[in-house]
Amino acid sequence: MSLLVQKYGGTSVGTVERIQAVAEKVAGFRKDGHDMVVVVSAMSGETNRLVDLAGQMQDNPDPREMDVLLSTGEQVTIALLCMALKNLGFDAKSYTGGQVRIVTDDSHTKARIQSIDEEKIRRDLDAGRVVVVAGFQGSDEDGNITTLGRGGSDTTGVALAAALKADECQIYTDVDGVYTTDPRIVPAASRLDKITFEEMLEMASLGSKVLQIRAVEFAGKYNVPLRVLHSFQEGSGTLITLDEEFTTMEQPVVSGIAFNRDEAKVTLSGIPDIPGVASKVLAPIGEANIEVDVIVQNISADNTTDLTFTVNRNDMTKAKAVMDSISEELGAKAVLTDDSVVKISIVGVGMRSHAGVASQMFRTLAEENINIQMITTSEIKISVIIEERYAELAIRSLHTAFGLDKTE
Ligand code: ASP
Ligand code: MG
């Protein structure tokens with residue numbers, strides 16, 4: 001017998017029939033003797049509907065009132081799920097975030113959880129009840145309703161699991177786990193049985209569709225075993241853990257391939273190769289609130305150098321304007337931009353203990369005649385920037401080269 005925190009997302013509770021199906025599922029676990037805490041999202045589409053309503057009242061809806069409004073979506077599903085459980089003969093009790101004392105700071109619409117008083121939940125569990133908690137919400141110290149940011153129910157689930165020291169936090173959703181890469185691009189992509197928190201964070205471009213990244217960070221920090229599962233299909237899903245043993249021993253060195261199509265490249269060519277230049281280039285970018293991803297600067301033969309960095313595609317025009325404004329002062333030859341690039345990353349904790357991963361990656365791309373424009377590495381990740389039209393070819397050949405293709 002264990003204590004499980006299960007979170008069901010919007011599509012899993014999107015209709016009355018689905019809520020009943022979730023109730024049956026939860027009841028099954030309860031029958032097997034598990035202590036059950038269930039976190040639910042609003043019915044799918046509901047939060048968007050509420051956001052839309054707010055927009056009809058105010059151009060920039062008041063954040064406090066926005067939270068009062070948005071939190072109602074989850075309040076509907078907790079009550080309905082409890083009714084469905086009772087209908088099956090199971091005792092259950094619903095709580096809003098504030099009622100179960102999920103205390104957050106007061107940053108409305110993006111609040112952070114500060115503490116959870118798990119005593120109430122424990123009492124219910126001891127009495128044999130299923131506890132159903134509204135995801136995505138809490139209240140600040142003055143009792144104002146707060147919400148945790150879109151997709152925040154995942155974070156509620158993880159936070160409750162951490163507070164209750166649950167055996168596992170299970171995130172039920174409409175996919176059956178985390179994949180080695182996007183199966184729409186590589187049909188041979190396979191579901192990972194296990195992955196580490198670190199890898200999951202590096203795979204954010206794939207993972208964020210499955211899990212709120214903040215929830216993964218939270219789970220990693222408190223070492224909450226996190227499992228992603230399909231709500232209505234059998235299967236063991238993907239377990240996200242701290243444990244690295246399995247990866248270094250049984251699994252391939254590379255766990256997955258992530259990619260980001262939202263990048264654009266900005267190059268300053270022919271700038272003087274002297275101290276302070278990189279700072280002069282990147283400081284105004286930071287001041288303009290533009291996030292920089294990859295940065296590459298070359299050494300020079302003639303005391304001038306090129307500096308290239310990538311930004312989000314939506315920021316490219318803004319970044320170019322900033323560079324244009326300083327390029328003369330810096331003595332740059334030109335400011336060049338390119339938004340037809342893609343970043344491809346291979347990710348795996350196994351890289352820590354294996355040499356030759358980078359060279360295998362570069363060889364694979366070379367064999368496909370794909371030119372690498374930029375390279376950046378971290379302990380468990382190697383990323384390259386390449387021309388966008390080669391994205392699928394690159395992902396597919398790397399997936400094969402690193403032994404990730406499904407075998408059956
Ligand atoms: N209902 C909220 C949203 O749609 C929270 C969640 O589903 O996690 O963002
Ligand atoms: Mg969600």
Side-chain angles (χ1 to χ4, degrees), residues 5-14 19 22 26 36-55 57 61-83 92-121 124 130-164 166 169-173 211-219 222 224:
V5 174
Q6 298 188 331
K7 180 258 171 177
Y8 291 88
T11 47
S12 310
V13 293
I19 294 174
V22 166
V26 171
M36 299 300 295
V37 175
V38 182
V39 174
V40 284
S41 287
M43 294 169 86
S44 59
E46 177 62 9
T47 310
N48 288 341
R49 187 183 74 88
L50 297 170
V51 169
D52 182 67
L53 286 179
M57 296 300 151
D62 179 84
R64 183 188 181 280
E65 301 315 320
M66 191 69 166
D67 280 350
V68 173
L69 179 69
L70 294 190
S71 62
T72 61
E74 273 72 10
Q75 198 171 327
V76 170
T77 43
I78 53 170
L80 293 177
L81 179 57
C82 283
M83 291 173 192
K93 206 163 171 182
S94 70
Y95 291 102
T96 64
Q99 284 177 327
V100 85
R101 296 203 204 94
I102 297 180
V103 178
T104 71
D105 61 20
D106 58 5
S107 344
H108 285 289
T109 74
K110 47 176 187 301
R112 300 216 154 229
I113 296 175
Q114 287 175 332
S115 66
I116 294 180
D117 174 8
E118 86 282 2
E119 206 191 306
K120 233 185 203 169
I121 302 178
D124 284 319
V130 175
V131 178
V132 180
V133 181
F136 171 60
Q137 56 179 265
S139 65
D140 70 9
E141 290 203 336
D142 295 327
N144 297 297
I145 297 174
T146 54
T147 64
L148 308 177
R150 296 305 303 269
S153 298
D154 290 348
T155 300
T156 305
V158 171
L160 283 170
L164 293 162
C169 178
Q170 304 180 331
I171 307 282
Y172 284 89
T173 179
L211 270 178
Q212 198 201 30
I213 286 309
R214 205 171 122 201
V216 181
E217 280 167 0
F218 205 111
Y222 293 95
V224 177

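Every value quoted in this text rests on a predicted model; they were computed, and no experiment measured them.
Not one N or O on the side chain of Thr146 forms a donor-acceptor pair closer than 3.5 Å with the backbone of Asp106. A donor-acceptor pair is defined here as one N or O able to donate and one able to accept, closer than 3.5 Å; such a pair exists between the side chain of Gln137 and the backbone of Gly97. Within the 3.5 Å criterion, the main-chain N or O of Asp154 finds no donor-acceptor partner in the side chain of Gln212.
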*Could you walk me through whether Asn48 and Arg150 pass side-chain contact (heavy atoms from CB on, under 4.5 Å), step by step?*
CA-CA 10 Å; Asn48 288 341; Arg150 296 305 303 269; 3.0 Å; yes
*Take Ile78 and Leu81, measure what side-chain contact (heavy atoms from CB on, under 4.5 Å) needs, and give me the verdict at the end.*
CA-CA 5 Å; Ile78 53 170; Leu81 179 57; 6.0 Å; no
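Take Thr77 and apply the side-chain hydrogen bond (donor to acceptor under 3.5 Å, both in side chains) test, not counting sequence neighbours, and it matches no residue. Judged as a ring-ring contact (aromatic ring centres under 6.0 Å, His included), and not counting sequence neighbours, Phe136 has no contacts. Annotation: side-chain contact (heavy atoms from CB on, under 4.5 Å) contacts of Arg101 (sequence neighbours excluded): Asp117. Taking the side-chain contact (heavy atoms from CB on, under 4.5 Å) definition, one finds that Thr109 meets it with Pro63, Met66, Asp67, Thr147, sequence neighbours left out. Applying the salt bridge (charged side-chain N to carboxylate O under 4.0 Å, His left out) rule to Arg49 yields the partners Glu46; only residues at least two apart in sequence or on another chain are considered. Take Asp142 and apply the side-chain contact (heavy atoms from CB on, under 4.5 Å) test, not counting sequence neighbours, and it matches Asp140, Asn144.
Tyr172 has its side chain out of reach of Val22: every pair of non-hydrogen atoms, C-beta onward, lies at least 4.5 Å apart. At a threshold of 4.5 Å between non-hydrogen side-chain atoms, the residues Thr156 and Lys7 do not count as touching. Looking only at side-chain heavy atoms (C-beta outward), Leu70 and Thr47 come within less than 4.5 Å of each other. A 4.5 Å side-chain heavy-atom check between Val13 and Leu80 finds every atom pair outside the cut-off.
Leu69 and Ala54 get closest at one heavy-atom pair: CD2-CB, 3.8 Å. Contact between Thr72 and Val68 at its shortest, heavy atoms only, is CG2-O, 3.4 Å. When every heavy atom of Val39 is checked against every heavy atom of Gly135, the shortest pair comes out as CG1-CA, 3.6 Å. Scanning all heavy atoms of the two residues, the minimum distance from Pro61 to Gly55 falls at CG-N, 4.3 Å. The two residues Ser153 and Glu74 make their nearest non-hydrogen contact at OG-OE2, 3.8 Å. Pairing each heavy atom of Ala162 with each of Phe218, the nearest pair is CB-CE2, 4.4 Å.
The structure places OG1 of Thr173 at 8.0 Å from CG of Leu211, a figure rounded to the nearest 0.5 Å. To the nearest 0.5 Å, the span separating CD on Glu65 from CD1 on Ile145 amounts to 9.5 Å. To the nearest 0.5 Å, the span separating OH on Tyr222 from SG on Cys169 amounts to 14.5 Å. Here the OH-CD1 distance, from Tyr8 to Ile171, works out to 11.0 Å after rounding to the nearest 0.5 Å. To the nearest 0.5 Å, the span separating CE on Met43 from CD1 on Ile19 amounts to 4.5 Å. Rounding to the nearest 0.5 angstrom, the gap separating the NZ atom in Lys120 from the NZ atom in Lys93 is 8.0 Å.
Test Ile102, Asp105, Thr104 against Gln114 for side chain to side chain contact (heavy atoms under 4.5 Å, CB included) and you get one pass: Asp105.
Applying the 6.0 Å contact sphere to CZ of Arg214 captures more than 12 heavy atoms from other residues, nucleotides or ligands.
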